[in-house]
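This report refers to the structure that appears directly beneath it.
When reading the values below, keep in mind they use all heavy atoms of this one structure, side chains included, and skip hydrogens, waters and symmetry mates. If you read the sequence from its start, that first residue is 1, and numbering goes on from there.
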Amino acid sequence: MSVPDHGARHVAIIMDGNGRWAKKRFLPRVAGHRAGVEAVRTIVRAAGDLGLEVLTLYAFSSENWKRPEEEVSDLMGLMKRFILSDLDEFAANDVKLKVIGNWRALAPDVVALIENALDRTSGNKRTTLAVALNYGAQDELVRAATAAAATGAITAEAIEAHLDTADMPPLDLLIRTSGEVRLSNFLLWQSAYAELYFTDRLWPDFKPADLAAALDHFARRERRYGGL
Ligand code: IPE
Ligand code: IPE
Ligand code: MG
């Protein structure tokens with residue numbers, strides 16, 4: 001695949017601000033999460049149009065279990081419906097689904113649904129949508145280091161080869177919405193030399209034009225990787 005003008009192959013987004021979006025409208029938090037799913041649909045399509053190879057979205061962190069049971073259950077329900085209802089859309093847009101994080105520890109019905117979706121989209125080639133589910137970078141690094149140790153020396157290459165993102169191009173750009181300037185345990189290893197982009201936009205308000213603006217910002221950065 002030819003690299004588009006902006007030069008980015010892999011973009012990741014910390015989709016934050018659903019709750020505040022709902023609060024501003026005097027709506028329950030779940031309404032913000034529903035609007036967030038709509039934003040996911042639009043941005044996945046835009047990612048393909050903008051020539052991205054991989055779009056990685058932080059959907060549920062390993063720390064999000066601390067939220068009230070009702071919200072966790074709303075989020076899992078939305079996730080299931082999204083995967084089910086968008087399978088045809090993935091086929092139409094040539095989107096391959098990938099899931100990173102400790103997703104096999106989720107409820108058996110969610111695991112089965114994910115396995116089916118991975119299987120059904122495995123032949124798609126245009127864009128990879130990687131959804132981070134029950135993901136925490138520290139957990140990922142512990143798993144990767146353990147696997148690396150089991151096969152020999154713990155080197156940077158060996159750890160990298162066992163990360164959940166091992167088969168993806170390097171992370172170019174990491175975006176966080178909602179004005180928070182922190183990584184919240186997302187892609188800590190992979191962001192070592194990624195460009196970081198923070199916007200005040202709340203996730204449900206994040207539009208293809210915002211993604212294009214972030215990519216434009218990326219295109220103007222000079223990446224040095226420690227050199228000159
Ligand atoms: C992001 O929105 C969605 C998830 C973390 C699942 P939040 O729910 O964190 O929204 P805020 O940060 O409370 O506004
Ligand atoms: C990060 O957002 C996790 C996701 C977007 C899934 P949070 O809203 O959970 O992060 P904190 O708690 O503000 O750091
Ligand atoms: Mg948040």
Side-chain angles (χ1 to χ4, degrees), residues 11-47 55-90 93 95 97-121 128-140 164 174-180 182-187 198-208 210-211:
V11 172
I13 309 181
I14 301 173
M15 312 183 286
D16 198 14
N18 294 353
R20 278 161 282 172
W21 184 94
K23 193 169 181 201
K24 264 180 33 185
R25 289 164 177 75
F26 306 100
L27 293 169
R29 290 179 62 84
V30 66
H33 295 314
R34 268 190 227 116
V37 174
E38 285 311 314
V40 168
R41 287 202 173 98
T42 316
I43 294 303
V44 171
R45 241 172 275 142
L55 176 70
T56 301
L57 298 179
Y58 205 4
F60 193 90
S61 79
S62 48
E63 286 73 38
N64 285 148
W65 297 107
K66 293 178 193 161
R67 296 192 179 195
E69 216 177 296
E70 191 188 341
E71 180 165 352
V72 170
S73 139
D74 286 341
L75 284 166
M76 289 298 155
L78 281 168
M79 190 66 55
K80 284 195 277 185
R81 253 171 286 148
F82 169 71
I83 293 175
L84 265 177
S85 64
D86 280 49
L87 268 177
D88 291 341
E89 167 99 9
F90 295 156
N93 293 311
V95 173
L97 184 72
K98 205 185 142 71
V99 182
I100 64 169
N102 196 6
W103 60 274
R104 287 185 187 279
L106 297 173
D109 61 327
V110 185
V111 172
L113 225 135
I114 292 173
E115 280 171 342
N116 175 53
L118 294 177
D119 191 45
R120 291 262 309 269
T121 63
T128 294
L129 167 64
V131 180
L133 259 187
N134 195 17
Y135 175 90
Q138 292 174 347
D139 170 67
E140 178 194 31
D164 296 351
L174 175 61
I175 299 170
R176 183 171 188 145
T177 61
S178 90
E180 307 299 343
R182 56 176 172 257
L183 297 182
S184 302
N185 203 13
F186 192 45
L187 301 179
F198 299 95
T199 167
D200 286 339
R201 198 83 80 210
L202 302 174
W203 173 249
D205 293 329
F206 192 81
K207 298 283 181 281
D210 298 308
L211 178 59

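From Ile114, atom CD1 reaches atom CG of Asp119 across 13.5 Å, with rounding to the nearest 0.5 Å. To the nearest 0.5 Å, atoms CH2 (Trp203) and CD1 (Ile13) are separated by 4.0 Å. To the nearest 0.5 Å, atoms NZ (Lys98) and CG (Leu129) are separated by 11.5 Å. Within the model, atoms CG of Leu97 and CG of Asp86 stand 10.0 Å from one another, a figure rounded to the nearest 0.5 Å. Atom CG in Leu211 sits 11.0 Å away from atom OG1 in Thr42 (nearest 0.5 Å). Note: Lys80 NZ to Asp109 CG = 4.0 Å, rounded to the nearest 0.5 Å.
Salt-bridge formation is detected for the pair Arg29/Glu71: a Lys NZ or Arg NE/NH1/NH2 atom is positioned less than 4.0 Å from an Asp or Glu carboxylate oxygen.
Using a 4.5 Å heavy-atom cutoff, the side chains of Phe60 and Leu106 are not in contact. Considering only heavy atoms from C-beta on, Thr121 stays 4.5 Å or farther from Val95 through its side chain. Residues Phe82 and Glu89 form no side-chain contact, since every pair of their non-hydrogen atoms from C-beta on lies 4.5 Å or further apart.
Judged purely by atom type and a 3.5 angstrom limit, Arg20 uses its side chain to pair as donor or acceptor with the backbone of Ser178. Looking at Asp205, its side chain never comes within 3.5 Å of a backbone N or O of Arg201 through a donor-acceptor pair. Formation of a donor-acceptor pair under 3.5 Å by the Thr177 side chain with backbone atoms of Asp16 is found in this model. Panel note: side chain Asp210, backbone Lys207; a donor-acceptor pair is recorded below 3.5 Å. At least one donor-acceptor pair closer than 3.5 Å links the side chain of Arg25 to the backbone N or O of Trp21.
Pairing each heavy atom of His33 with each of Leu78, the nearest pair is CB-CD1, 3.5 Å. What you find for Ile14 and Arg182 is that their closest heavy atoms are CD1-O, 4.0 Å. Taking every heavy atom of both residues into account, Asn185 and Ser62 meet most closely at ND2-OG, 3.9 Å. The two residues Ala35 and Pro204 come nearest to each other via the heavy atoms CB-CB, 3.7 Å. Closest non-hydrogen pair, Pro208 versus Ile43, comes out as N-CD1, 3.7 Å. Residues Gly32 and Ala22 share a closest heavy-atom pair of N-CB, 3.7 Å.
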ask   = Going through the checks in order, is the side chain to side chain contact (heavy atoms under 4.5 Å, CB included) test met by Asn64 and Val72?
value = CA-CA 8 Å; Asn64 285 148; Val72 170; 6.0 Å; no

message = Quick one, Val44 with Asn93, criterion side chain to side chain contact (heavy atoms under 4.5 Å, CB included). Give me CA distance, side-chain angles, the key distance, then yes/no.
response = CA-CA 9 Å; Val44 171; Asn93 293 311; over 6 Å; no

inquiry  = Walk me through whether Lys24 and Leu202 qualify under side chain to side chain contact (heavy atoms under 4.5 Å, CB included).
reply    = CA-CA 11 Å; Lys24 264 180 33 185; Leu202 302 174; 4.1 Å; yes

request  = Given side chain to side chain contact (heavy atoms under 4.5 Å, CB included), test Asp164 with Trp103 step by step and report yes or no.
outcome  = CA-CA 11 Å; Asp164 296 351; Trp103 60 274; over 6 Å; no

Return a table of donor-acceptor pairs under 3.5 angstrom between the side chains of residues 130-139 and protein atoms on other chains or two or more places apart.
unit_1	atom_1	unit_2	atom_2	d
Asn134	OD1	Trp65	NE1	2.9
Asn134	ND2	Asn102	O	3.0
Tyr135	OH	Glu140	OE1	2.6
Tyr135	OH	Leu187	N	3.2
Asp139	OD2	Arg143	NE	3.1

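The environment of CD in Glu70 is sparse: at most 12 heavy-atom neighbours from other residues, nucleotides or ligands sit within 6.0 Å.
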